[in-house]
Amino acid sequence: MTTRPALVKGSRAVRSTIALKMLMAVSGLIFVGYVLAHMYGNLKAFSGQEAFNDYAHHLRELGEPLLPHEGFLWIARVVLLLSLFVHVFCAIALWRRAGRARTTKYVVKKNKHSSFSSHWMRWGGITLLLFIIWHLLNFTVGRINVNTGETGDAAGDPYTLMVQSFEVPWLTVIYLLAMVALALHLHHGTWSAAQTLGLTNNATSRRNAKAIGTILAVVVAGGFSLVPIFVLAGVID
Amino acid sequence: MKLNLKIWRQENATAPGGIHTYELDDVSEDMSFLEMLDVLNEQLNAEGEEPIAFDSDCREGICGQCSLMIDGEAHGPEVTTTCQLHMRSFRDGDSITIEPWRADAFPIVKDLVVDRSAFDRIIQQGGYISVNTGAAPDAHATPVPKDKANRAFDVATCIGCGACVAACPNGSASLFLGAKITHLGELPQGQAERDTRVVNMIGQHDAEGFGGCTNIGECTAACPKEIPLDVISRLNWDLHAALRHGK
Ligand code: HEM
Ligand code: SF4
Ligand code: FES
């Protein structure tokens with residue numbers, strides 16, 4: 001006989017798998033808010049170089065004089081970085097748990113009743129993580145201009161760096177693939193977060209949460225994709 | 001009809017198992033799936049081979065004993081229990097793969113039989129209300145709003161079969177847990193122990209080695225009692241409340 005677990009004593013809510021899920025949901029929703037704002041900001045590219053650079057500049061002055069220069073930006077960076085750490089940590093913990101929960105796989109297993117996006121949360125999440133790292137190197141931390149080979153300040157102002165980056169077709173392809181991953185993640189993640197937070201206690205609210213997930217996926221991934229596509233098409237230059 | 005059956009055989013909990021293939025002829029479409037297996041077992045008996053072990057009890061869809069993964073679907077292609085599945089759902093010449101529930105928290109006893117006592121231990125952690133027993137109380141002693149009574153009744157139909165775990169890619173028992181939490185949480189009698197119930201039950205669930213839920217939804221599709229996904233939201237909500245109350 002295999003040994004069976006005894007009745008556990010002293011269970012705590014904070015130590016449960018649901019608590020891990022709640023951390024994922026809250027950090028995930030912080031990302032959702034962030035990508036919405038970020039996507040809106042990117043669309044400034046359609047108003048031309050000056051408007052876009054002004055916007056990038058204003059972000060650094062946001063909250064002044066109450067906050068120091070770049071104060072708001074740094075608060076956002078710290079919150080996002082912490083959220084990313086929590087989100088990925090919980091994702092890995094739950095992924096490992098799921099692996100241990102079924103060590104012998106089925107010979108035949110159908111998953112006919114669930115969305116593709118729900119099965120892609122983990123691999124899609126890794127795709128997003130890799131993309132986020134590259135994206136920060138590209139535009140924020142290293143400022144790598146793949147087109148000219150320049151880095152740092154020499155890579156050009158924010159607008160120039162963006163346009164020259166998206167003039168490189170393979171960079172645009174990577175970016176668009178990441179947007180597919182983001183769309184899938186938002187499609188399932190939004191409704192999943194609502195469910196994890198206990199907000200979908202009947203069929204109507206479940207349907208609404210799923211609809212919001214679909215809308216967010218289309219709006220955010222679509223909005224982000226407009227700029228690179230129009231750069232590649234030569235409309236933005 | 002004639003069937004080609006691919007069935008998981010495993011001597012005991014620790015022996016290695018594998019798929020064995022059996023041919024079965026003259027299957028009537030009016031047979032239930034378990035009757036079809038009974039016929040196969042008689043054939044195996046006659047041939048001097050060890051019959052296939054599988055679970056069943058009521059054979060009328062109410063006890064939750066029967067449990068088979070049929071062609072990759074828990075309880076097979078219909079929304080019902082394996083004992084209530086009939087061979088008319090299959091066609092002559094079909095190849096059918098039959099496996100036990102796969103979850104490390106449900107270890108295999110033999111062939112298609114798994115040990116689901118993990119569910120019993122979860123129930124022991126709070127799937128009840130503490131009341132003085134004795135004479136039955138008057139039915140109207142504790143008023144229950146009709147909609148709550150309906151909902152409690154609907155989710156109380158969970159028979160603890162474990163199909164939700166079997167179907168879940170994460171091997172989570174959240175639907176089962178949610179059904180129990182909602183059933184008692186909707187009723188006035190369930191309020192006193194509401195916080196400790198959810199904390200202790202999820203604590204046992206996690207200790208048994210079930211996975212965490214990612215709201216994929218295969219559980220509710222596999223559930224013979226059509227327990228809806230919103231019971232998991234309710235489970236999460238109750239845990240949230242317990243967290244706020246410092247449990
Ligand atoms: C822009 C970035 C991201 C956004 C907007 C986002 C958003 C979300 C949201 C809202 C959820 C639902 C939480 C819940 O189920 O309660 C979620 C779940 C998840 N995320 Fe992310 N996430 C992002 C990045 C990542 C990254 C980098 C990873 C990588 C490791 C990741 C892996 C996961 C996994 C595995 C889940 C669990 C799936 C589930 O529970 O349904 N995510 N994400
Ligand atoms: S929730 Fe449905 S599938 Fe899960 S144990 Fe109960 S009856 Fe079976
Ligand atoms: S044998 Fe009782 S539900 Fe199938």
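What you are looking at is a predicted structure, and each value in this text was computed from that prediction instead of being measured. Protein chains get the first letters and strands the later ones, always in sequence-line order, with residue 1 at the start of each.
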Quick one: are A/Ser118 and B/Asn215 in side-chain contact, heavy atoms under 4.5 Å?
no
Would you call B/Lys6 and A/Val108 a side-chain contact if the rule is heavy atoms closer than 4.5 Å?
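Heavy-atom side-chain distance check fails, nothing below 4.5 Å.
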Residue [X] versus chain A: region with a heavy atom under 4.5 Å:
X	value
B/Ala166	both
B/Ile108	neither
B/Gln124	side chain
B/Leu243	both

Do B/Asp230 and A/Thr200 meet the criterion of a side-chain donor-acceptor pair at a distance under 3.5 Å?
no
Check whether [X] gets within reach of chain B through its side chain, its backbone, both or neither, counting any heavy atom under 4.5 Å.
X	value
A/Arg12	both
A/Lys105	backbone
A/Leu7	both
A/Leu199	both

B/Asp104 vs A/Thr103, test: side-chain hydrogen bond (donor to acceptor under 3.5 Å, both in side chains). Steps then yes/no.
CA-CA 7 Å; B/Asp104 289 38; A/Thr103 48; 2.5 Å; yes
Does a side-chain N-to-carboxylate-O contact under 4.0 Å join A/Lys109 and B/Glu73?
no
If you compare all heavy atoms of [X] against all heavy atoms of [Y], which two are closest, and at what distance to 0.1 Å?
X	Y	result
B/Ile216	A/His119	CG2-NE2, 3.8 Å
B/Gly211	A/Ala101	N-CB, 3.6 Å
A/Leu94	B/Gly212	CD2-CA, 4.1 Å

Yes or no on side-chain hydrogen bond (donor to acceptor under 3.5 Å, both in side chains) for B/Asp206 and A/Ser16, after CA distance, side-chain angles and deciding distance?
CA-CA 7 Å; B/Asp206 292 351; A/Ser16 63; 5.0 Å; no
